[in-house]
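Below you'll find the structure, written out as structure tokens, and then a few comments.
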Amino acid sequence: MNVKELNAVAKAMVGKGKGILAADESSPTIKKRFDGIGAASTEENRRRYREMLFTAKGAEAYIGGVILYDETIRQSTSKGVPFPKYLNDLGMIAGIKVDTGAKALAGFPGELITEGLDGLRDRLKEYYGMGARFAKWRAVINIGKDIPSEFCLRANAHALARYAALCQEAQIVPIVEPEVIMDGDHSIGRCEEVTAAALDAVFAELQAHRVALEGIVLKPNMVISATKAPKRAGPEEVAKATLRCLKAHVPAEVPGIAFLSGGQTAEEATLHLSLMNRMGKLPWELSFSYGRALQAPALEAWHGKEGQFAAGQKALYKRAKLNSLAHLGKYESAMEADAA
Ligand code: 5MM
């Protein structure tokens, strides 16, 4: 393992003004998204949709990495250029989702464990050969009455650390994603408590597995009220609580933190990121690795229609640019009107 090289890749993924486009929806998830706009989830439609996102002119100035799904990493542009090559040539580092999904954790009702470790060493070798230089694994932590259990946090952290160690052995930067889910009616305080416990469990396991923290990117949730919380915290409170939690639980050696959007609207996710980056000097780059918050407006504008391909690209470009400004702490809500 060459830690210096891993560190350089991690820094390039979330360098100043750059963030990550999460386009790694598995087949069931992309079908759900396509159902929402009445488009058929055929292999060609999925390829064309991803091509629309990846070839949006100018977005490469704001996107440092793109997370692909197994089907997508094997697909090409209409001109026959394999997607990973197309992206890497433009400086948008190709990455790959390697977990195989979150399944019920036996004996722990309501809790999930992420699978995908079997055969991972060989799969990583293959993906590296295809041009992937980073990977992603997502652990899912639900909040509810009496959950998460300490065991669930530990089991997911252990799997994340085993994945991360295998990635680094293969010279691939692991994105470590422990996602505390926003569904429910819990308060921002409860989210902070669970996020802190999840991060502590993750860093304890990463250390135990001898993972080089300089060679990872952390992808956490923001500390935020649940979608159905009776009184939801405002943007300033979300930004403050998230920074307080990260500063107390994420070691300074980690080069970059790239948030997931988790169901926030596109504008909320951008505003929260910008507010945090305005709150003084931080030990790590604080950026984005959004799926829905980057893609939802593009998906809506495209609507599965070839004639609206350019409109979809324009929408993706706009979100990429505004999130880049948010990474620099320079985004204002007023920019929404004229950032096309
Ligand atoms: C893009 O969605 C990713 C894949 O989801 P599935 O494995 O469920 O198909 C997802 O892991 C995503 O990368 C992160 O959750 C961040 O996405 P959001 O939409 O929360 O920013």
Side-chain angles (χ1 to χ4, degrees), residues 13-14 19-36 41 46 49-50 52-54 63-73 83 92-104 112-116 123 132 134-143 156 159-160 163 173-183 191 195 198 217-224 226-227 238 242 256-273 286-300 315-316 319-320 322-323 326-327:
M13 290 158 62
V14 292
I20 297 166
L21 167 63
D24 58 311
E25 296 85 357
S26 57
S27 302
T29 304
I30 196 74
K31 184 179 179 316
K32 227 190 292 164
R33 306 272 186 267
F34 278 17
D35 284 347
S41 186
R46 295 193 291 270
Y49 172 64
R50 265 67 182 248
M52 179 188 86
L53 301 176
F54 305 162
I63 306 280
V66 178
I67 317 175
L68 305 171
Y69 180 56
D70 182 75
E71 176 185 87
T72 324
I73 199 170
F83 280 146
M92 297 189 279
I93 302 170
I96 180 76
K97 182 236 289 298
V98 298
D99 67 69
T100 55
K103 311 282 158 60
L112 301 169
I113 181 76
T114 301
E115 296 185 347
R123 288 195 287 133
F134 73 92
K136 192 200 89 172
W137 178 290
R138 171 172 166 255
V140 177
I141 311 297
N142 287 321
I143 296 185
N156 274 290
L160 270 167
Y163 140 82
V173 172
I175 292 188
V176 174
E177 180 179 2
E179 176 174 5
V180 176
I181 299 292
M182 244 172 105
D183 297 347
C191 177
T195 303
V217 169
L218 179 73
K219 177 164 171 168
N221 52 283
M222 293 184 195
V223 172
I224 195 165
T227 40
V238 169
T242 305
I257 296 178
F259 290 108
L260 57 93
S261 55
Q264 299 178 48
T265 65
E267 295 179 19
E268 274 171 351
T270 310
L271 177 61
H272 289 147
L273 179 62
L286 203 59
S287 186
F288 57 92
S289 174
Y290 297 155
R292 284 161 289 180
L294 276 172
Q295 293 186 51
L299 186 70
E300 189 53 39
L316 189 269
R319 293 270 39 105
L322 292 179
N323 281 303
H327 180 179

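Just follow the structure's listing: the first ligand is 1, and inside any ligand the first atom is 1.
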If you draw a 6.0 Å radius around NZ in K103, do more than 12 non-hydrogen atoms from other residues or ligands fall strictly inside? yes

Ligand 1 to E177 polar contact by distance, N or O atoms, under 3.5 Å: yes

With atoms numbered from 1 as shown, which atoms in ligand 1 lie under 4.0 angstrom from a non-hydrogen atom of K219? 13 (O), 14 (C), 16 (C)

Enumerated ligand 1 atoms positioned under 4.0 Å from heavy atoms of Y290: 21 (O)

Do me a favour and list the nearest non-hydrogen protein atom to atom 3 (C) of ligand 1 with residue, atom name and distance? D24 OD1, 3.4 Å

Sub-4.0 Å heavy-atom approach of G262 to ligand 1: yes

Does an N or O anywhere in A23 fall below 3.5 Å from an N or O of ligand 1? no

CD1-CG distance between I113 and N156, expressed to the nearest 0.5 angstrom: 4.0 Å

So the atoms of ligand 1 within less than 4.0 Å of a heavy atom of A22 turn out to be 1 (C), 13 (O)

Which distance, rounded to the nearest 0.5 Å, do you find between the NZ of K32 and the OG of S26? 8.0 Å

Counting non-hydrogen protein atoms only, what is the nearest one to atom 5 (O) of ligand 1? Give residue, atom name and distance. K97 NZ, 3.9 Å

Look only at interatomic distance and state if S289 has a nitrogen or oxygen under 3.5 Å from any nitrogen or oxygen of ligand 1. no

I67 touching ligand 1 at heavy-atom level, < 4.0 angstrom: no

How many angstroms lie between atom OH of Y49 and atom CD of Q295, to the nearest 0.5 angstrom? 3.5 Å

Check whether the side chains of R46 and S41 place a donor and an acceptor atom closer than 3.5 Å, and report yes or no. yes

Check: Q264 and Y290 side chains under 4.5 Å, non-hydrogen atoms: no

Ligand 1 to R138, heavy atom cutoff 4.0 Å, flagged ligand atoms 8 (O), 11 (O), 15 (O)

R292-ligand 1 polar pair, N/O distance under 3.5 Å: yes

Measuring from atom CG of L218 to atom CG of L160, what distance do you get when rounded to the nearest 0.5 angstrom? 9.5 Å

Below 4.0 angstrom from a heavy atom of S261, which ligand 1 atoms are there? Numbered from 1 as shown, please. 18 (P), 19 (O), 20 (O), 21 (O)

Return the closest protein heavy atom for atom 17 (O) of ligand 1 as residue, atom name and distance. G291 N, 3.6 Å

Can you tell me if R123 uses its side chain to pair, donor with acceptor, with the backbone of V98 under 3.5 Å? yes

Salt bridge flag under 4.0 Å for residues R292 and E25: no

Using a 4.0 Å cut-off to any heavy atom of E179, which atoms of ligand 1 qualify? 15 (O)

Does N142 reach the main-chain N or O of D183 with its side chain, forming a donor-acceptor pair under 3.5 Å? no

Does some non-hydrogen atom of Q295 fall short of 4.0 Å from ligand 1? no

Atom 6 (P) of ligand 1: closest protein heavy atom, distance to 0.1 Å, is T29 OG1, 3.5 Å

I175 side chain near I20 side chain, heavy-atom distance below 4.5 Å: yes

Identity and distance of the protein heavy atom lying nearest atom 10 (C) of ligand 1: K136 NZ, 3.2 Å

